Trainee: 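Dropping a structure here in structure tokens format, bear with me for questions.
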Amino acid sequence: MRYLSILLLAPWLLVLCVIYWIWPRSLPRTTGRRTFDVLVLLLAGIAAALAALAGFDSAVLPEPGEFGPVSGSIWQQVLPALWGYGAFAAVIVPALVLRQWWWGRKR
């Protein structure tokens, strides 16, 4: 169950990777930019996976509540997905700004 949140998060992250790869079309597609993009996507994927695993390990299962012994245990999957998505965004957003600044300024 430790990797379930990563599996659930992976399709959305792949969609975001494709959007990052093709957008914006106005930037030049040089070898340097493609190398930068590959490195950023690898770093973002690794950061998301590590954050999701750390989120799973830090999720505290609640005490048995009024709804039974599994009440609230969904947070053991939700928290890692949130952490993974946050780590992914923390890498992609600055990379978008840096990429636009570096390759967009040479017009």
Side-chain angles (χ1 to χ4, degrees):
M1 297 296 280
R2 186 172 188 209
Y3 300 102
L4 179 63
S5 63
I6 297 172
L7 290 174
L8 295 175
L9 188 62
W12 174 240
L13 295 183
L14 287 174
V15 168
L16 291 177
C17 286
V18 169
I19 291 170
Y20 175 84
W21 186 263
I22 64 173
W23 182 81
R25 296 185 187 269
S26 62
L27 292 180
R29 289 179 175 84
T30 62
T31 304
R33 178 181 161 210
R34 289 303 182 199
T35 303
F36 176 79
D37 289 346
V38 167
L39 291 175
V40 165
L41 292 174
L42 284 173
L43 181 63
I46 291 169
L50 291 176
L53 292 175
F56 182 85
D57 292 339
S58 70
V60 178
L61 292 176
E63 295 295 322
E66 62 184 275
F67 299 111
V70 293
S71 173
S73 62
I74 188 69
W75 286 105
Q76 196 171 22
Q77 298 305 324
V78 172
L79 186 65
L82 292 174
W83 282 24
Y85 184 68
F88 185 86
V91 173
I92 289 292
V93 170
L96 280 169
V97 172
L98 181 63
R99 184 175 71 169
Q100 182 65 36
W101 176 77
W102 185 257
W103 281 279
R105 68 185 170 103
K106 296 180 181 177
R107 292 187 204 209

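Model, not experiment: these values are computed from the prediction. Positions are given from 1 along the sequence.
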Trainee: If we only count heavy atoms from C-beta on, is the Pro24 to Gln100 side-chain gap below 4.5 Å?
Mentor: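 Result yes, sub-4.5 Å side-chain heavy-atom pair found.
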Trainee: Indicate, with yes or no, if Leu42 and Leu13 share a hydrophobic cluster defined by side-chain heavy-atom contacts under 4.5 Å among Ile, Leu, Val, Met, Phe, Trp and Tyr.
Mentor: yes
Trainee: What residue among Trp21, Tyr20, Trp103 forms ring-ring contact (aromatic ring centres under 6.0 Å, His included) with Phe36?
Mentor: Trp103
Trainee: So, do Trp83 and Leu53 sit near enough that their side-chain heavy atoms are less than 4.5 Å apart?
Mentor: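 The answer is no; the side chains never approach within 4.5 Å.
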Trainee: Return the CZ to CZ distance between Arg29 and Arg34, rounded to the nearest 0.5 Å.
Mentor: 5.5 Å
Trainee: Following the transitive rule for hydrophobic clusters with a side-chain heavy-atom cut-off under 4.5 Å over Ile, Leu, Val, Met, Phe, Trp and Tyr, establish whether Phe88 and Val38 coincide in one cluster.
Mentor: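 Hydrophobic grouping puts Phe88 with Val38.
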Trainee: Could you measure the distance from the CD1 atom of Ile22 to the CG atom of Leu27? Nearest 0.5 Å is fine.
Mentor: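 These two atoms lie 12.5 Å from each other.
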Trainee: Do you know the tightest heavy-atom contact between Gly55 and Leu79?
Mentor: O-CD2, 3.7 Å
Trainee: If you take all heavy atoms of Ala81 and Ser5, which pair is closest and at what distance?
Mentor: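 Result for this residue pair: N-CB, 4.0 Å.
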Trainee: So, taking the atom named CG in Leu41 and the one named CD1 in Ile46, what distance separates them when rounded to the nearest 0.5 Å?
Mentor: 11.0 Å
Trainee: Would you name the heavy atoms of Pro94 and Ala89 that are closest together and state the gap between them?
Mentor: CD-O, 3.9 Å
Trainee: Any chain of hydrophobic side-chain contacts (each under 4.5 Å) joining Trp101 to Leu39?
Mentor: no
Trainee: Within a strict 4.5 Å, meaning less than it, do heavy atoms of the Tyr85 and Leu16 side chains meet?
Mentor: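 Side chain of Tyr85 against side chain of Leu16, heavy atoms only: contact under 4.5 Å found.
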Trainee: Indicate, with yes or no, if Val93 and Leu50 share a hydrophobic cluster defined by side-chain heavy-atom contacts under 4.5 Å among Ile, Leu, Val, Met, Phe, Trp and Tyr.
Mentor: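 No, Leu50 does not connect to Val93 through the hydrophobic network.
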Trainee: Please round to the nearest 0.5 Å and tell me the distance separating atom CD1 of Ile92 and atom CG of Leu43.
Mentor: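 Those atoms lie 8.5 Å apart.
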Trainee: So Phe56 and Ile6, do their side chains get closer than 4.5 Å, heavy atoms only?
Mentor: no
Trainee: Closest heavy-atom contact between Ala52 and Pro80?
Mentor: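 Between these two residues, the closest heavy atoms are O-CB, 3.1 Å.
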Trainee: What are the two closest non-hydrogen atoms of Val40 and Ala95, and how far apart are they?
Mentor: CG1-CB, 3.4 Å
Trainee: Please round to the nearest 0.5 Å and tell me the distance separating atom CG of Leu14 and atom CD1 of Ile19.
Mentor: 11.0 Å
